[in-house]
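Throughout, a chain's letter reflects where its sequence line sits, starting with A, and its residues are numbered from 1.
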Number of protein chains: 2
Amino acid sequence: MKRKISPSEEDYLKAIYHKTTADAPVVSTTLLAEEMGAKPSSVTDMVQRLSEKALVEYQKYKGVKLSDTGNTRALSIIRKHRLWEVFLVNELHFSWDQVHDIAEQLEHIQSEALTDRLAAFLGHPKTDPHGDPIPTKEGNIQAQTKMLLELAPLNTPLVCVGVEDSSAAFLQFLDKCGIGLGVNIEVLEKEIFDGSLLVSIDSKTQRISSLIAQNLYVNQGQ
Amino acid sequence: MKRKISPSEEDYLKAIYHKTTADAPVVSTTLLAEEMGAKPSSVTDMVQRLSEKALVEYQKYKGVKLSDTGNTRALSIIRKHRLWEVFLVNELHFSWDQVHDIAEQLEHIQSEALTDRLAAFLGHPKTDPHGDPIPTKEGNIQAQTKMLLELAPLNTPLVCVGVEDSSAAFLQFLDKCGIGLGVNIEVLEKEIFDGSLLVSIDSKTQRISSLIAQNLYVNQGQ
DNA sequence: ATAATTATTTAGACAAGCCTAAAAATTTAA
DNA sequence: TTAAATTTTTAGGCTTGTCTAAATAATTAT
Ligand SMILES: [Mn+2]
Ligand SMILES: [Mn+2]
Ligand SMILES: [Mn+2]
Ligand SMILES: [Mn+2]
């Protein structure tokens, strides 16, 4: 029933998933090439193959989007990726900046039984170590109610719930600033000059750059 | 330092490792082809490439064996394979006949940190779920003192310590017979006619075929 | 020792995934 | 609304890993 897809094809499906949104429903080959670290011509090749397999809808010069089956496949790979990240952090005690590249490999292991048992072993976690939601086995992914710290209201208790950039460099910098998921933040002041924020993190006041504020998600906290 | 090897190349190294012994130090392309489920001509191609990379020593028409670096790489893959099998059985509660194919994929994940932490997480196991020894990080593999049940002495307490054939079919059949690692066995009688054995397993007497006896390893028990 | 058989390698082909260079379509600017 | 710039696709080539068919080496039988 389930046609075989190569790791490379899976990575493309994931990239298309991540690069399309409600208001930008298709992605260009150039953007996809950037995301994949490949040349646009290579992407065109791949997208044409995926189109023949009915995993994407592709129109020459018009960009590409996932088909329904492609979307389901992408969600399954993302589910595996995030479950493995939880395993690596919670069970093997990796830090949140070390797990992405390993999960990038583990997500391609093909065994439904393995994914099922891994999820059960981990207690069916809802989010990964970066605060991203884990799709269910059925392919449902919970919409996140979160806002960028940059746009959060002043003098309001907030809690850190996710990151926009999950590069090791950014995550390590957050560590250095004492910022992690679940940490309480309050924005005390916005500096007009450079966009930096004066914040209180766990009742300690510090100034953080606008670049951090643009890549950190928060929710209304207690 | 560590040159990249593809999953396919890794599987070949493993196959060469398994098919060479002290008294048969080289393996033929035909035998290797059988082991890999490929044609001999494909194997010739591959061993020539591996030879250029100095992972094997290959002489036209004379067969192939691992070089020192090839041997080290093979042991590292086998270490990963067996560690993952332990994880699947001990932590995810797979049965011993279900884990080989999954481990066949997991063994190719490239991350030394992952292997190290997995080993620690599992408590540095010495053997896998089939009784096979797990090489150390340094590449030391413990020689097993075990004998085929077929050749074991009569009326002697024995304990089951491994299998020669680890196919799902054989392992499931062993389950059905109540045979597993650590189970106590005693050979009561050898039947000349068909090579079958009358054995006592956990103090219950039953007859087992010679094919089982040829694929089951035992040690002197308590 | 020669012939027949078997094992092994070579030759040529193909698909997947990538590349560069060139052509074509689209978008932007004049 | 043409012309210029940019984006995207096509053409052709390379590597890996596989195959089949043909050639060659090695082994076995006569
Ligand atoms: Mn991946
Ligand atoms: Mn993540
Ligand atoms: Mn394998
Ligand atoms: Mn095993």
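With rounding to whole Å, Y58(A) atom OH is found 13 Å from dA25(C) atom P. Rounded to whole Å, atom P of dT16(D) lies 13 Å from atom CD of Q48(B). We find that CG of D45(B) is positioned 10 Å from P of dT9(C), with the value rounded to whole Å. Rounded to a whole Å, the CG atom of L31(A) is 18 Å from the P atom of dT6(D). For the pair K39(A) NZ and dA21(C) P, the computed distance is 10 Å after rounding to whole Å. One atom, NZ of K53(B), and another, P of dT16(D), lie 6 Å apart when rounded to the nearest Å. When the P atom of dT15(D) is taken as reference, atom CG of L50(B) falls 17 Å away, rounded to whole Å.
Between S42(B) and dC19(D), a side-chain N or O to OP1/OP2 separation shorter than 4.0 Å is present. Regarding contacts with the backbone of dT10(D), every side-chain N or O of T44(A) stays at 4.0 angstrom or more from both OP1 and OP2. Contact between the side-chain N/O atoms of S8(A) and the OP1/OP2 oxygens of dC18(C) is found at a separation under 4.0 Å. Distances shown here put a side-chain N or O of R49(A) below 4.0 Å from the OP1 or OP2 atom of dG17(C). Neither OP1 nor OP2 of dC18(C) sits under 4.0 Å from any side-chain N or O of S41(A).
Taking every heavy atom of both residues into account, I134(B) and P125(B) meet most closely at CD1-O, 3.7 Å.
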- Query: For L66(A) and R73(A), what are the C-alpha separation, side-chain angles and deciding distance, and is it a side-chain contact (heavy atoms from CB on, under 4.5 Å)?
  - Reply: CA-CA 10 Å; L66(A) 294 174; R73(A) 298 300 287 259; over 6 Å; no

- Message: Quick one, N219(B) with Q144(B), criterion side-chain contact (heavy atoms from CB on, under 4.5 Å). Give me CA distance, side-chain angles, the key distance, then yes/no.
- Response: CA-CA 10 Å; N219(B) 266 340; Q144(B) 300 271 76; over 6 Å; no

- Message: I'd like to know whether K137(A) forms a side-chain contact (heavy atoms from CB on, under 4.5 Å) with D116(A), so could you lay out the CA-CA distance, the side-chain angles of the two residues, the decisive distance to 0.1 Å, and finally the verdict.
- Response: CA-CA 8 Å; K137(A) 184 175 164 65; D116(A) 292 348; 3.2 Å; yes

Polar-atom pairs under 3.5 Å, protein N or O versus N or O of nucleotides 25-27 of chain D: list them with distances, or write none.
from	atom 1	to	atom 2	distance (Å)
dA25(D)	O4'	Y61(B)	OH	3.3

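H18(B) and E35(B) are not linked by any side-chain donor-acceptor pair at a separation below 3.5 angstrom, with hydrogens and angles left out of the test. A donor-acceptor contact closer than 3.5 angstrom is absent between the side chains of S8(A) and S6(A).
Taking the six-membered ring for Trp and thresholds of 30 and 60 degrees, F121(B) and F87(A) have ring planes more than 60 degrees apart, a perpendicular arrangement.
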